[in-house]
Amino acid sequence: MRFGNLRLDLVRGPGFRLDGGAMFGVVPKVLWERQFPADERNRIRLATNCLLVRGSGFTALIESGLGEKWDPKDRDRFAIDDRTTVVAGLQDLGVRPEDVDALVLSHLHFDHAGGATRLGADGRTVPAFQNATVYVQAEELAHARSPNERDRASYRPDDWEPCASAGKLEVVTGEVEVRPGVTVVPVRGHNAGMQAIRVESEGHVAFYFADALPTTAHVPIPWIMAYDLYPVDLVENKRRLLASAVSERWLCVFEHDPGIPWGRIVEEDGGARRVEPPSP
């Protein structure tokens with residue numbers, strides 16, 4: 001998609017499954033399973049939709065997906081389907097891993113940062129995008145290095161520490177424009193240090209919500225995840241961001257939605273909101 005003077009492309013990473021109840025929190029299963037049917041282990045199918053942003057003199061990748069550093073036990077646990085990978089998706093667009101000069105991670109949970117590193121020929125973990133600066137919020141990195149019992153299982157140091165060792169990890173604080181038109185925006189709620197990504201060019205705005213709005217089913221303000229550590233903060237941030245998304249006609253990216261990866265949120269009579277696919 002041409003987007004002002006930028007080009008945007010969706011890059012599909014591996015699919016996976018998580019518990020449906022955890023993905024929808026207090027929302028009853030009878031409601032959420034209409035949109036996301038569960039398997040026999042109560043898991044729903046999810047995507048890892050990454051976003052490639054190309055502009056004059058830069059190639060930025062937003063998120064890296066699950067990566068491929070998984071043992072058989074975890075592949076079964078999460079039903080990982082890596083017939084589609086981020087690297088293969090980039091190659092389909094004529095982009096090599098070494099062409100990426102910025103990798104923006106919303107946070108460091110394994111389904112977002114897993115693809116930032118790969119196994120080298122000698123079995124050691126190395127940066128997957130050797131020429132890319134990796135951007136993450138300072139608060140998130142500090143927590144990821146010292147997580148608590150509540151979310152320790154979501155962090156795998158091999159996903160980011162090789163980038164730090166290679167001098168490729170850049171820590172930012174607050175709103176920062178990391179490339180022309182590409183700005184990270186802290187959104188407290190899913191955790192304390194998550195950042196969304198705003199892409200803007202010639203009056204057009206795209207917004208990568210990450211886990212603040214993981215699927216189109218999470219558009220209703222009270223539909224949040226059990227994984228969200230600060231639910232009240234998230235509700236207020238969703239209220240604010242969704243109002244802007246509707247009034248300003250943002251192109252919204254839904255990272256974990258396997259069916260509708262992006263679109264514009266419109267408000268109908270009565271206040272209900274739905275997602276329209278983007279125009280060609």
Side-chain angles (χ1 to χ4, degrees), residues 12-50 63-86 105-115 140 143-144 147-159 187-194 196 208-235 237-238 252-261 275:
R12 297 268 194 171
F16 69 120
R17 288 180 179 267
L18 288 178
D19 184 84
M23 282 299 296
F24 290 100
V26 299
V27 179
K29 183 177 181 179
V30 69
L31 296 180
W32 59 253
E33 71 176 348
R34 297 173 185 172
Q35 300 181 65
F36 280 84
D39 68 8
E40 69 283 354
R41 293 159 71 175
N42 206 48
R43 302 174 302 177
I44 62 172
R45 187 167 66 94
L46 298 170
T48 52
N49 299 314
C50 306
E63 301 284 63
S64 67
L66 289 158
E68 301 171 55
K69 310 183 304 294
W70 294 90
D71 60 32
K73 180 180 177 180
D74 282 333
R75 285 180 180 274
D76 174 70
R77 176 186 177 191
F78 297 112
I80 294 172
D81 180 1
D82 55 8
R83 289 174 295 179
T84 300
T85 67
V86 171
L105 299 177
S106 66
H107 58 302
L108 295 173
H109 288 173
F110 63 77
D111 52 325
H112 301 260
E140 171 65 359
H143 179 73
N148 56 45
E149 293 82 357
R150 175 68 172 75
D151 59 356
R152 181 172 291 124
S154 296
Y155 291 107
R156 302 185 178 207
D158 271 357
D159 290 343
V187 179
R188 179 182 171 90
H190 179 60
N191 61 9
M194 199 202 83
Y208 194 98
F209 281 90
D211 275 349
L213 200 66
T215 76
T216 54
H218 291 86
V219 168
I221 289 172
W223 285 48
I224 61 176
M225 298 185 285
Y227 297 119
D228 297 326
L229 299 183
Y230 305 97
V232 175
D233 292 328
L234 180 57
V235 164
N237 278 323
K238 281 181 69 175
C252 301
V253 184
F254 307 100
E255 182 167 8
H256 290 315
D257 199 306
I260 306 176
V275 178

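Only a predicted model underlies this, so the values are computations on that prediction, with no experimental measurement involved. Computation of the quantities below employed the complete heavy-atom set of this structure, encompassing side-chain atoms and omitting hydrogens, waters and symmetry-equivalent molecules. Position 1 is the first residue of the sequence; numbering continues from there.
- The closest donor-acceptor contact from the side chain of Ser106 to the backbone of Glu63 lies at 3.5 Å or more, if one exists at all.
- Residues passing the side chain to side chain contact (heavy atoms under 4.5 Å, CB included) test with Leu46, sequence neighbours excluded: Phe16, Leu18, Met23, Phe36, Ile44, Thr215, His256.
- Rounding to the nearest 0.5 Å gives a distance of 5.0 Å between SG of Cys50 and OH of Tyr208.
- Using a distance-only test at 3.5 Å, with no hydrogens or angles considered, a donor-acceptor pair links the side chain of Asp71 to the main chain of Asp74.
- Residues forming a side chain to side chain contact (heavy atoms under 4.5 Å, CB included) with Ser154 (at least two apart in sequence, or on another chain): His109.
- Proximity of a side-chain donor or acceptor of Arg75 to a complementary backbone N or O of Ile80 within less than 3.5 Å is not detected.
- Proximity of the aromatic rings of Phe24 and Tyr227 is defined here by a centroid distance below 6.0 angstrom, and this criterion is not met.
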(request) For side chain to side chain contact (heavy atoms under 4.5 Å, CB included), just list the numbers for Glu140 and Asn191, CA-CA rounded to whole Å, side-chain angles, deciding distance to a tenth of an Å, and then say yes or no. (result) CA-CA 8 Å; Glu140 171 65 359; Asn191 61 9; 3.0 Å; yes
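- Judged by distance alone, the side chain of Asp257 and the main-chain N or O of Pro261 form no donor-acceptor pair under 3.5 Å.
- Side-chain atoms of Lys69 and Asp159, non-hydrogen and from C-beta on, do get closer than 4.5 Å to each other.
- Contact record, Pro157 with Tyr155: CD-O, 3.9 Å, taken as the closest heavy-atom pair.
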(request) May I have the step-by-step check of side chain to side chain contact (heavy atoms under 4.5 Å, CB included) for Asp211 and Met194, ending in yes or no? (result) CA-CA 8 Å; Asp211 275 349; Met194 199 202 83; 4.1 Å; yes
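- In this structure, CZ on Arg188 lies 5.0 Å from CG on Asp233, to the nearest 0.5 angstrom.
- For Asn49 (side chain) and Pro258 (main-chain N/O), no donor-acceptor pair under 3.5 Å exists by modelled atom type.
- Ring to ring, Phe209 and His218 are not that close: their centroids are 6.0 angstrom or more apart.
- Among residues two or more places apart in sequence or in another chain, the ring-ring contact (aromatic ring centres under 6.0 Å, His included) test is passed with Phe254 by none.
- To the nearest 0.5 Å, atom CD1 of residue Ile224 and atom CG of residue Asn237 are 11.0 Å apart.
- Residues Ser64 and Gly114 approach most closely at OG-N, 3.8 Å, considering heavy atoms.
- Scanning for salt bridge (charged side-chain N to carboxylate O under 4.0 Å, His left out) contacts around Arg152 gives an empty result, with sequence neighbours left out.
- The existence of a salt bridge linking Asp81 and Arg17 is excluded, since no basic side-chain nitrogen approaches an acidic carboxylate oxygen closer than 4.0 Å.
- At distances below 3.5 Å, at least one donor-acceptor pair connects side-chain atoms of Asn148 with backbone N or O atoms of Arg150.
- A donor-acceptor distance shorter than 3.5 angstrom exists from the side chain of Lys238 to the backbone of Trp223, with no hydrogens or angles considered.
- Residue pairs that meet the side-chain hydrogen bond (donor to acceptor under 3.5 Å, both in side chains) test with at least one member in residues 19-32, sequence neighbours left out, are Asp19-Asn42, Lys29-Asn42.
- With sequence neighbours excluded, no residue forms a salt bridge (charged side-chain N to carboxylate O under 4.0 Å, His left out) with Asp228.
- When side chains are defined from C-beta on, Pro214 counts as touching Met225, because their heavy atoms get closer than 4.5 Å.
- Here the CG atom belonging to Leu229 is positioned 5.5 Å from the CG atom belonging to Asp151, to the nearest 0.5 angstrom.
- Rounding to the nearest 0.5 Å places OG1 of Thr48 at 5.0 Å from CG of Leu66.
- Within a 6.0 Å radius of CZ in Arg156, other residues, nucleotides and ligands contribute more than 12 heavy atoms.
- More than 12 non-hydrogen atoms from other residues, nucleotides or ligands lie less than 6.0 angstrom from CZ of Arg41.
- Contact of the His143 side chain with the His107 side chain is not registered, since no non-hydrogen atoms from C-beta on lie closer than 4.5 Å.
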